[in-house]
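The structure under discussion appears below in the form of structure tokens.
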Amino acid sequence: MKYVTTLLFAFLFVSCNDNSGDLTADEIVDKAIVNAGGDRYKNAEIDFTFRNRKYRSKRDGGKFSLERIMTDSTGNEIHDILDNEGLERYVNDSAVELADSLKTPIGNSVNSVHYFVHLPFGLNAPAANKKLIGKDSIGEREYYELKVTFSQNGGGTDHEDEYLYWIDTQTFKVDYLAYNFETNDGGIRFRKAYNPRIIKGIRFVDYQNYKYEDLSTPLSELDSLFEARELELLSVIETEDVEVTLGS
């Protein structure tokens, strides 16, 4: 009887351990967001510089404002503001009317920079569709491989792009990501996060940005190609002068 009881206890112990590791895609993303800043994102003003342009994001619950400030070749200050109401442009503090053909590419450009800087916060956007496709290892670390696509309704004009995130199974940090895109004849990118730092409780990283020429390659194969050194380093994505102001 003692032998049977011991076997039963061992079975229950293993079963409990197995179930505790069966996280859903939503649960993995939730843990990643908590690890990177959690609720601080929802009421924060974040200022930073990227490629000599100034950016600012403001969030107050469900309200948001994503800004970009730059100077054109003639010395004019261009200030773009993308918020819940749409896109506005100011030139030297004066509002200007944008052609409809310009609103989408300008808005996408502003949103894209903020999206990558704020990761993983944007992975819980209403239009984001998340799917856990498995686990894999890069180096000596084990990662969840999480595929993200965006619905046409609310996903923007680039909703057909696909993303893959490698999220550490122990720390829930997003250490690698990949995506494909259709614009400008299409492309594939793989990014490795580096230079992590915590500012007012929010985690920021920079990226080594790699490309691969074979556009038919599944994103899930890029980690192996990276380890085999078959990806080409295209650029370095550096976020500078980061400042965070937390709301109440």
Ring centroids only, cut at 6.0 angstrom: are F116 and F50 within range, meaning strictly under it?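 Ring centres of F50 and F116 not closer than 6.0 Å.
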
If we only count heavy atoms from C-beta on, is the [X] to [Y] side-chain gap below 4.5 Å?
X: D161; Y: F150; value: no
X: K31; Y: L23; value: yes
X: L164; Y: K131; value: no

Where does the angle between the aromatic ring planes of Y165 and Y163 fall among parallel (under 30°), tilted (30 to 60°) and perpendicular (over 60°)?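 Rings of Y165 and Y163: parallel, under 30°.
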
Quick one: pull up [atom1] in [X] and [atom2] in [Y] and give me the separation to the nearest 0.5 Å.
X: L66; Y: S112; atom1: CG; atom2: OG; answer: 11.0 Å
X: F226; Y: L231; atom1: CZ; atom2: CG; answer: 7.5 Å
X: D26; Y: I28; atom1: CG; atom2: CD1; answer: 9.5 Å
X: R56; Y: E45; atom1: CZ; atom2: CD; answer: 5.5 Å
X: N129; Y: L123; atom1: CG; atom2: CG; answer: 12.0 Å
X: T71; Y: N52; atom1: OG1; atom2: CG; answer: 10.0 Å

Look at [X] together with [Y] and state whether they make a salt bridge at an N to O cut-off of under 4.0 Å.
X: K211; Y: E213; answer: yes
X: D83; Y: K63; answer: no
X: D80; Y: R68; answer: yes

Kindly give the heavy-atom pair with the smallest separation between I202 and A44, and that separation in Å.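 Shortest heavy-atom separation between I202 and A44 comes out as CD1-CB, 4.3 Å.
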
Quick check: closest heavy atoms across L98 and K103, and the distance to 0.1 Å?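 Where L98 meets K103 most closely, the heavy atoms are O-CE, 3.5 Å.
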
Per the side chain to side chain donor-acceptor pair (under 3.5 Å) rule, which among K192, R197, R191 passes with D206?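 Passing option: R197.
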
Other residues, nucleotides and ligands only: do more than 12 of their heavy atoms fall within 6.0 Å of CD on E238?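 Enclosed.
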
For H114, all residues meeting ring-ring contact (aromatic ring centres under 6.0 Å, His included), sequence neighbours excluded: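 Partners of H114 by the ring-ring contact (aromatic ring centres under 6.0 Å, His included) criterion, ordered by chain and then number, come out as F48, Y55, H118.
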
